[in-house]
Amino acid sequence: GQNIDQPTEMTATEGAIVQINCTYQTSGFNGLFWYQQHAGEAPTFLSYNVLDGLEEKGRFSSFLSRSKGYSYLLLKELQMKDSASYLCAVRDSDYKLSFGAGTTVTVRA
Amino acid sequence: IAGITQAPTSQILAAGRRMTLRCTQDMRHNAMYWYRQDLGLGLRLIHYSNTAGTTGKGEVPDGYSVSRANTDDFPLTLASAVPSQTSVYFCASSEGTSGNNEQFFGPGTRLTVL
């Protein structure tokens, strides 16, 4: 099974940078995903990491360290529309996803 | 527009009633999934299907059943609803199960069992 931990809430100012950490314990690791979910909507895919290192996609970057069971999602140049929940999900050796409870990010003007 | 649809959008159901949540995708994805999302618990996998004709149990399968008769449809049935099944249900699909195959989520069904 999986045990996935991420902070419940974070607040940041428009234009700033926020880093959302995710730690996991897994019986088998087959990739880590980050999803964004706006209130009342479906989750949408942000990033995928399977090897150690940083993956950059525009204002969003995701980092993975498999030996430490650790990932982070970095959001740069924050905009009001980035206010949402961010979900860390780990895929196991059976190719099933387990999700963390999510981190609610509030962007203030 | 290609995507994944769910019906109904929301439903209020009396305890003990049978209910089927519908999910259809037109992306020809092989794998489909059902999750429930509860406050503070995140998304939890109920059942999944890696390909048409096969299904498997997720983390919280009790009280739910699924079928996958064809590629496009993946209905979720509550045989006898209980209040603890009050939740938001999301259906998802992915082209495959490995590599960078992301899951695409439907808009969700908000179910209240009284």
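In the text below, chain A, chain B and the rest are named by the order of the sequence lines, each starting its count at 1.
- Under the rule for a side-chain hydrogen bond (donor to acceptor under 3.5 Å, both in side chains), A:Ser83 has no partner lying at least two apart in sequence or in another chain.
- Contact check for B:Arg28 versus B:Asp72: side-chain heavy atoms found under the 4.5 Å cut-off.
- The 12-atom threshold is not exceeded at CG of B:Leu39, counting heavy atoms of other residues, nucleotides or ligands nearer than 6.0 Å.
- Side-chain N or O atoms of A:Arg59 include one that pairs as donor or acceptor with a backbone N or O of A:Glu77 at under 3.5 Å.
- Note on B:Gly108, B:Ser98, B:Gly106: by heavy-atom pairs under 4.5 Å with chain A, the leading option is B:Ser98.
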Between A:Phe63 and A:Tyr72, does the ring-ring contact (aromatic ring centres under 6.0 Å, His included) criterion hold? Intermediate values first, please. CA-CA 5 Å; A:Phe63 172 83; A:Tyr72 68 71; 5.1 Å; yes
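- For B:Leu41, the part sitting under 4.5 Å from any heavy atom of chain A is the backbone (N, CA, C, O) and nothing else.
- Chain B forms more heavy-atom pairs under 4.5 Å with one residue of A:Pro43, A:Ala42, A:Gly40, A:Ala89 than with any other, namely A:Pro43.
- Looking only at heavy-atom pairs under 4.5 Å with chain B, the residue among A:Leu97, A:Val50, A:Thr44 that has the most is A:Leu97.
- Only the side chain of B:Tyr35 comes within contact range of chain A, with heavy atoms under 4.5 Å apart.
- No other option in B:Gly42, B:Gly96, B:Ala31 has as many heavy-atom pairs under 4.5 Å with chain A as B:Gly42.
- Proximity to chain B involves both the backbone and the side chain of A:Tyr95, based on heavy atoms less than 4.5 angstrom apart.
- B:Tyr64 has its ring centre no less than 6.0 Å from the ring centre of B:His47.
- Contact of B:Glu59 with chain A is not made at all, since no heavy-atom distance falls under 4.5 Å.
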